[in-house]
Amino acid sequence: MLERTHTVEDAICEPMKEETPRALTLCGWVERQRDLGSLIFFRIRDRWGSLQVKVDQTENPSAHAVASRLRAEYVISVRGHLQLRPPGEHKDEPGGDREVIPEEIQVLAEARTPPFYITDEEPGDENLRLTYRYLDLRRPPMVRVLKLRHQVALEIRNFLDRHGFLEIETPLLTKPTPEGARDFLVPARMHPGKFYALPQSPQLLKQVLMVAGVDRYFQLARCLRDEDLRANRQLEHTQLDLEVSFMSRDQLFALIEELMCSLFEQVGAGRPQSPFPRLTYQEALSRFGTDKPDLRIPAEIHDLTESFAHTEFRVFADAIGSGGSIQGLFIPKLRASRKQEEETGKFVRQQGGAGVVIAHLGHDQSVSGVLKKFMHREQLEAIRRELGLDPEDEGTLVLISGERDSILRVLGQVRLHVWERYQLPRLSDWRFAWVTDFPLYERDEATGELVPAHHPFSLPLPEDMHLLETDPLKVRADSYDLVLNGEELGSGSHRIQDAELQRRVLRNLGMNSDLIEARFGFLLRAYDYGGPPHRGIALGLDRIVMLLSGMHNIRDVIAFPKTTQGTCPLTGAPSEVDRRQLDELKLRGL
RNA sequence: GGGGACGUGGUGUAGAGGCCUAACAUACCUGCCUGUCACGCAGGAGAUCGCGGGUUCGACUCCCGUCGUCCCCGCCA
């Protein structure tokens, strides 16, 4: 192998003003040969870029002989020099003004014809991409993602290091947690019948680290959950897991906002607006119909129950009469076509909404559709006032009646759907938001049991503490989600540091003292020895990189992801194991 | 666990009961070509239409099942 002197990036950045040719040796992969006979062009590509090589038979017959048998993706080294291309033969791209004139070309490895071409263009079949991931990762967009992800991790580490954080690893072999997501279990060979679990997150151990006095902990932690996959979910994902002692909510928010802003700025995505808007869970639900609002969409949901209090429109009157509400989503400027109205109505019904009315509000105070018949001038004015409209504003109003929370969620879906479907204008940019004060508990629809809404280690808000036993569903926690452009980046909370309070919260979930001791005894005991007030947050690194890179799929920002069926087409995982391995583990096969 | 979409040469697509002895583009192989850059030109090879069953005189096409991939709901403290 010829000793490499430059990367392609070095060669592209090399100043080329002077006449003297620059000697260099490049190593990389062959792409795009153009064999004109006694003149051959091809490109050599490495991780940093690609550059044209020109081989002239009359100037260098031996290099030409090698070049004529090169094929796509052969691995070569080229020793030669850099030369400006003749005038008029420049290409408009980095390094397009120059080319490599080889003295010698060595083939380091031949390559079979790849199943897809290595270009910016994405091969259609994702299974094929994953089967040949090493080829897929050669594609420049994927290289950019790998670099971006590295850069993001590096910036996070540097930032947190500057702020006094320690990165501490927590074990991959840990204790199963029967609640929450399904655990991946690992049989303990030395303890037949017992199992480790792979961590769903380092939650409990980072709390123990706070008791240990670490004060500021973080980890780029792998988290594993054996649940069904989605476009933004993998069996294993990476979290920026973080926990701090003695910090107020405001202090933590300020820290995370500065981290995000400097991170986005450092990776060239532009500095997001800060401070990030904050809204409570209840506000988010009533204004956007979701706990992860996309604030780029310039529309909100409005409660119009009052405005329709005396309506003669039967559907709405009945809804109000039976304790329901009327919620409206106003879509500014849109004059929906009949087809769009029908589609939207259909979408609402698919989402489980009934009693949908779509009307156009004109700037001349006109109203279209069914409402025209039932709306008095005063009612219309009341509605326009409630929507906060100026006299010249017009647009489409989507109204749904029914049980408040469920129609809010439907309208939240409509809000997303309509903007996507009709490509309505959004505010550009990164729109972060904090959503705070989530309920501590919620009711499991299937079993009717109380389950933690977030996790059972979040501190109830002081003003709700007295409801813990009497009306637990009303108890809010000092918890928060960080949301970006409608995507949940992560969540956190102030933790319970008082063992007795922790026991109360767990008892509400139907656990008796023995169970609490068996599962969480180690944590409660730790707090008995002086646990500081502490809080934390965990942010999905994959999702951050996904948004930064403009990818729409979490698999595209993970080097070796699983398919939605949880398989790895490259390695063939999961696979069967040897009978002997099972015997050693005292496990029976199927 | 439920719903939906897709599966045709290496790749991307067309074909929607008989026109199929399966088309097009690209990639691949051979030859020609000294300024190409999606090089061009000429020729060539390459597919039991995911798999299994059924309906039919006849199935790439219709039906059932199955496998795989993707998307959504459930699930994801």
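When reading the values below, keep in mind they use all heavy atoms of this one structure, side chains included, and skip hydrogens, waters and symmetry mates. Sequence lines set the chain letters: A, B, ... in the order given, protein chains first and strands last, and positions in each chain run from 1.
- Below the 3.5 angstrom threshold, one finds a donor paired with an acceptor across the side chain of A:E89 and the base of B:C37.
- With no hydrogens or angles considered, a side-chain donor-acceptor pair links A:Q200 and A:D183 at under 3.5 Å.
- Ring geometry, A:F116 versus A:Y132: the interplanar angle exceeds 60°, so the pair is classed perpendicular (tilted spans 30 to 60°).
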Filtered N/O pairs between nucleotides 6-15 of chain B and protein, under 3.5 Å:
unit_1 : atom_1 : unit_2 : atom_2 : d
B:G10  : O2'    : A:P115 : O      : 3.3
B:U11  : O4'    : A:P115 : O      : 3.3
B:G12  : OP1    : A:D125 : N      : 3.2

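- For the residue pair A:E59 / A:H64, no side-chain donor-acceptor distance below 3.5 Å is found, with atom types taken as modelled.
- Between the C1' atoms of B:G12 and B:G31, the separation comes to 28 Å (whole Å).
- Out of B:U36, B:U69, B:C76, the shortest distance to the side chain of A:R225 is found at B:C76.
- Look at the P atom in both B:G68 and B:C32: the space between them is 49 Å, to the nearest Å.
- Among B:U34, B:U36, B:A38, the nucleotide with an atom closest to any side-chain atom of A:T58 is B:U34.
- Remark: B:G7 base-pairs with B:C67; criterion is Watson-Crick or G-U wobble with both hydrogen-bond distances under 3.5 Å.
- In this structure, B:G31 and B:C41 make a Watson-Crick or G-U wobble pair, each of the two defining distances being under 3.5 angstrom.
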Detail all sub-3.5 Å separations between protein N/O atoms and N/O atoms belonging to nucleotides 71-74 of chain B.
unit_1 : atom_1 : unit_2 : atom_2 : d
B:C71  : OP1    : A:N553 : ND2    : 3.2
B:C71  : OP1    : A:R555 : NH2    : 2.9
B:C71  : OP2    : A:R555 : NH1    : 3.4
B:C73  : OP2    : A:R230 : NH1    : 2.6
B:C73  : N4     : A:R230 : NH2    : 3.2
B:G74  : N7     : A:R230 : NH2    : 2.7
B:G74  : O6     : A:R230 : NH2    : 3.2
B:G74  : N1     : A:D228 : OD2    : 2.7
B:G74  : N2     : A:D228 : OD2    : 3.3

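- Under 3.5 Å, the side chains of A:R404 and A:S406 contain no donor-acceptor pair of N or O atoms.
- B:G74 and B:C19: their C1' atoms are spaced 48 Å apart (whole Å).
- Closest to the side chain of A:T113, from the set B:G68, B:G35, B:C28, is B:C28.
- Distance, A:I40 CD1 to B:C32 C1': 13 Å, rounded to whole Å.
- Side-chain proximity of A:R71 to B:U69, B:U30, B:C39: nearest is B:U30.
- Separation of the C1' atoms belonging to B:G9 and B:G50 is 14 Å when rounded to the nearest angstrom.
- The A:E227 side chain lies nearest to B:C76 when the options are B:A38, B:U36, B:C76.
- No side-chain N or O of A:D437 forms a donor-acceptor pair with one of A:Q282 less than 3.5 Å apart.
- A side-chain donor from one of A:R34 and A:Q52 sits under 3.5 Å from a side-chain acceptor of the other.
- Applying the Watson-Crick and G-U wobble criteria (two distances, each under 3.5 Å), B:A16 pairs with nothing in any strand.
- With ring centers used as reference points, A:Y74 lies 6.0 Å or more from A:W29.
- No side-chain donor-acceptor contact under 3.5 Å links A:R45 and A:S50.
- Not a single donor-acceptor contact under 3.5 angstrom links the side-chain atoms of A:R43 to the base of B:U36.
- The phosphate of B:U36 (OP1 or OP2) has no side-chain N or O of A:R34 nearer than 4.0 angstrom.
- On a pure distance criterion of 3.5 Å, no polar donor-acceptor pair joins the side chain of A:Q57 and the base of B:U34.
- Of the residues in residues 495-505 of chain A, none has a non-hydrogen atom less than 4.0 angstrom from any atom of RNA chain B.
- Across all strands shown, B:C62 forms a Watson-Crick or G-U wobble pair, both distances under 3.5 Å, with B:G54.
- Aromatic ring centres of A:Y480 and A:F438: separated by at least 6.0 Å.
- Proximity of A:K91 to the phosphate of B:A38: a side-chain N or O atom is located under 4.0 Å from OP1 or OP2.
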